[in-house]
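Data block below; observations after.
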Amino acid sequence: MSVKATPCPSWRNDLALALIAALVLVAVSACNGFRELTNAGGDNDSLLRLVEVRDMLAGQGWFDLHQYRMGLEGGFVMHWSRLVDAPLAAIILSASALTGSMAMAEAIAQILWPALLFCAAVFFTARAACSFAGAGAVLPAVVVGAAALHFIGIFSPGALDHHNVQLTLTMASLSLLLEAPVRRWAALFSGLCAALTLAVGMETAPYVAAIGACTAILFVVDLGGERRIAMDFGLGFAGVSALVFVTTIPPSAWGQAQCDAFSTVQFVVAALAGAGLATIVSVDAASRTRRRRLISLGLLAAVLGAVVVSLFPQCLAAPYANLDPRLRELWLDYIDEAQSLYKLVLYDPVRVVARFATPLLAVALMALRFSRGGWRRQDSLVGGLLVVALLVSAWEVRGSTFSIAFAVIPLSAWIAKWRQRAETSPSRGALLRMVAAWLISVNAIWSAAAEATSSAFETRAAVKDASVDGSCQGKASFAALSRMPDTTVLAISNLGSPILAYSGHRVFAGPYHRNIAGNLLALDAFLGSDADARSVVKSHHVGLVAVCRGNPESQLFAATAPDGFLAGLMRGNVPEWLEPVADTKGAPLELYRVGPNG
């Protein structure tokens, strides 16, 4: 397997194209009035991220990840990383200094941060496509890549969640590793990006593992070309992991193992893996022959496995193994991004087409390349990551965010091939093939076709008024609540983050797996009787009850417990210890003030 590669043209042209794509995205959002800034569309994570940044700017400590306004009294510790909070806080501070308005500064950050990440993601996608298939693949990668990244929705204005950061860093790591044979520093920075994306969130662990495994396997296969690359990647991965550990984890927590966030578990594994790979590469006795390299890396893998099994066995369990069964049944099973391919096939086949069409096409193209015997170093890296992402997305649909992005690389190469044929041998057939390659590589076209096909077989439903915020996702729905004196609000988990973002109140429930006690308390109140709810209200000093009839979670609770407290409120049965807030009667979000008897 050859490691020879032709350097891509100047990165400035690729950056210019990526910047144009980002400006187009911002312009389209501007024409729509930046609707995402006033209606998060159910993106609770972005709203809570904004709350977290506000808390830090207000003086909450760098190492203090408590969300004090959610959960039981005292709050709970979030599993997110300050690595995302820091740049957002820097943008807000800079913008507020220039504008003199904190609200304007937050709006600027909500627009600028996703746009910058979108630009970087498109840039690294273009660079990866160029390393994979030459300069002719750059334009298709920018066009198809920008369309794909826009389609998956994590780069829209207001998207402050960490998924866009993770995708950008993962694509950067892949792109730099593809360029490593011709750029001395690229492998070191690839390891840096791999460590950072793992530190931001554990969702990318399969992709980081795949990148590391591919780097190690390439070193086994080709000593001469991959020795330096493997060493630099390992050093960058281990070094940045250590830096992240000491700068984001308080010394008092260095001995605490957290499976869902960067902690001593991830640091120990990353340090051993990165340093171990670099050591094997540098020791001649361990790397002299292919057999020795394979044995040495096998021993390293065995050591890593033994460390995890002996020191951190709890992290081998399923991510939500300890979740209360009631929360699994009434919360986790209804999270869109946590659905499996099997459930999508049964209940949402349109989404199957939208999320799996282009990745499966890309895998078919890679398989065709392999069958023809033209397999290269670049194919191993791109193909390995693409297959891993597709397997993850079959388990949880959130993985399709990565598989759709990785699919752009082989699809761009395919388009470039037909563009070249159409230019060198012009004919109607070649032109039609090129046009077809363009069209079927765009994810949105598959989605639109599936939607149209589905609509043709369904009875036309009544058109809803888009101006009515029936599920209470817009800022305007919380205006009345924000004007009321701060208190504790009893609400469903879908309303938790918006209440924190749009008001000064605190809540019990929020869609976060660490907030078990707060979520269970809200379940006990809403699914129980009026007396059960009153007991919760009295013992936890609740001042307001918020009800959103049109929210799917409210409807689920009402159907689960038709005689419960929430179901009664939705039918208009208000207990004597609650007083309806007159201004909110008939509004999407109805408020009830707890009276003296409550």
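Quick caveat: nothing in here was measured; it's all calculated off a predicted structure. The figures that follow rest on heavy atoms only: side chains count, while hydrogens, waters and symmetry mates do not.
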- side-chain hydrogen bond (donor to acceptor under 3.5 Å, both in side chains) pairs, two or more places apart, involving residues 172-190: Arg127-Glu179, Ser173-Ser190, Glu179-Arg183, Arg184-Asp232

- With sequence neighbours excluded, give me every ring-ring contact (aromatic ring centres under 6.0 Å, His included) pair touching residues 191-216. Tyr207-Phe402

- Item | Sequence neighbours excluded, every pair satisfying disulfide (SG to SG under 2.5 Å) that has a member inside residues 236-279 | Cys259-Cys315

- Query: Distance-only, no hydrogens or angles: does the Gln266 side chain make a donor-acceptor pair with backbone N or O of Phe245 under 3.5 Å?
  - Reply: no

- Asp260/Arg514 ion pair, N-O < 4.0 Å: yes

- Are the side chain of Ser282 and the backbone of Thr279 linked by a donor-acceptor contact shorter than 3.5 Å? yes

- Item | Check: Trp62 main-chain N/O paired with Arg82 side-chain donor or acceptor under 3.5 Å | yes

- Residue pair Thr264 / Ile249, side-chain heavy-atom distance below 4.5 Å: no

- Value for OG (Ser425) from CD (Gln420), rounded to nearest 0.5 Å, stands at 9.5 Å

- Item | Minimum-distance pair of heavy atoms, taken over all atoms of Trp446 and Ala357 | CD2-CB, 3.5 Å

- Return the set of residues passing side-chain contact (heavy atoms from CB on, under 4.5 Å) with Arg328 (not counting sequence neighbours), or none when no residue passes. Tyr320, Leu323, Leu332, Asp333

- Message: My understanding is that only residues two or more places apart in sequence, or in another chain, count here; which of them pass side-chain contact (heavy atoms from CB on, under 4.5 Å) with Thr401?
- Response: Ile152, Ile154, Leu167, Arg355

- Message: Using modelled atom types and a 3.5 Å cut-off, is there a donor and acceptor pairing between side-chain atoms of Thr358 and backbone atoms of Ser441?
- Response: no

- Side-chain contact, heavy-atom cut-off 4.5 Å: Val246 with Trp254? yes

- Residues Leu381 and Cys214: closest non-hydrogen pair is CD2-CB, 3.6 Å

- Would Trp438 and Val143 count as a side chain to side chain contact (heavy atoms under 4.5 Å, CB included) if you check the C-alpha gap in whole Å, the side-chain angles of each, and the deciding distance to 0.1 Å? CA-CA 9 Å; Trp438 273 103; Val143 175; 3.8 Å; yes

- Message: Atom CZ of residue position Phe267 - does it have more than 12 heavy atoms of other residues, nucleotides or ligands inside 6.0 Å?
- Response: yes

- Has the side chain of Thr215 got a donor or acceptor atom that lies under 3.5 Å from a matching backbone atom of Ile211? yes

- Would you please say whether a donor-acceptor pair under 3.5 Å links the side chains of Tyr512 and Asn519? no

- Message: Is the shortest side-chain heavy-atom distance between Arg369 and Pro410 below 4.5 Å?
- Response: no

- Task: Indicate the atoms forming the closest heavy-atom contact of Val392 with Gly399, along with that distance.
- Result: CG1-CA, 4.0 Å

- Task: Check whether any side-chain heavy atom of Leu117 sits under 4.5 Å from a side-chain heavy atom of His163, and report yes or no.
- Result: no

- Are any side-chain N or O atoms of Asp85 and backbone N or O atoms of Met56, one a donor and one an acceptor, separated by less than 3.5 Å? no

- Item | Test item: Phe312 and Val307 side chains (from C-beta on) under 4.5 Å apart, heavy atoms | yes

- Nearest heavy-atom approach of Gln314 to Leu311 is OE1-O, 4.2 Å

- Rounded to the nearest 0.5 Å, what separation is found between the CG atom of Leu83 and the OG1 atom of Thr247? 6.5 Å

- Task: Hey, could you give me the CG/NE2 distance between Leu169 and His162, rounded to the nearest 0.5 Å?
- Result: 12.0 Å

- Query: Are side-chain heavy atoms of Ile440 and Leu361 found at a separation under 4.5 Å?
  - Reply: yes

- Note on the structure: Sequence neighbours excluded, the answer for side-chain contact (heavy atoms from CB on, under 4.5 Å) partners of Leu360 is Phe356, Leu390

- Rounding to 0.5 Å, atoms CG (Asn44) and CZ (Arg49) come to a distance of 13.5 Å

- Query: Do His513 and Trp331 have side-chain heavy atoms sitting under 4.5 Å apart?
  - Reply: yes

- Task: Give a yes or no answer on whether the side chain of Ser46 reaches the backbone of Leu160 with a donor-acceptor pair at less than 3.5 Å.
- Result: yes

- Message: Go through it in stages, so that I can follow the logic: the residues are Glu226 and Val221, the test is side chain to side chain contact (heavy atoms under 4.5 Å, CB included), and I'd like the CA-CA distance, side-chain angles, deciding distance and then a yes or no.
- Response: CA-CA 9 Å; Glu226 297 292 333; Val221 174; over 6 Å; no

- Is there a side chain to side chain contact (heavy atoms under 4.5 Å, CB included) between Phe118 and Leu149 once you walk through the steps? CA-CA 8 Å; Phe118 181 83; Leu149 295 178; 3.6 Å; yes

- Closest non-hydrogen atoms of Arg288 and Ala285, given as atom of the first, atom of the second and distance, are NH2-CA, 4.1 Å

- Item | Within 6.0 Å of CZ in Phe63, more than 12 heavy atoms from elsewhere | yes

- Are the side chain of Arg293 and the backbone N or O of Phe219 linked by a donor-acceptor pair below 3.5 Å? yes

- Query: Are any side-chain N or O atoms of Thr204 and backbone N or O atoms of Gln166, one a donor and one an acceptor, separated by less than 3.5 Å?
  - Reply: no

- Item | 4.5 Å side-chain heavy-atom contact, Leu272 and Val268 | yes

- Message: Using every non-hydrogen atom in the two residues, find where Ile229 and Leu177 come nearest and quote the distance to one decimal.
- Response: CG2-CD1, 3.9 Å

- Task: Check step by step if side chain to side chain contact (heavy atoms under 4.5 Å, CB included) holds for Leu218 and Asp222.
- Result: CA-CA 6 Å; Leu218 288 171; Asp222 188 351; over 6 Å; no

- Here the gap from Ser412 atom OG to Leu139 atom CG, rounded to the nearest 0.5 Å, amounts to 9.0 Å

- Quick one: CZ on Arg433 to OG on Ser427, what's the gap to the nearest 0.5 Å? 7.0 Å

- Ala180 backbone acceptor or donor facing Arg228 side chain under 3.5 Å: yes

- Message: For Phe132, does the six-membered ring have the charged nitrogen or CZ of Arg376 within the cation-pi criterion, i.e. under 6.0 angstrom from the centroid and within 45° of the normal?
- Response: yes

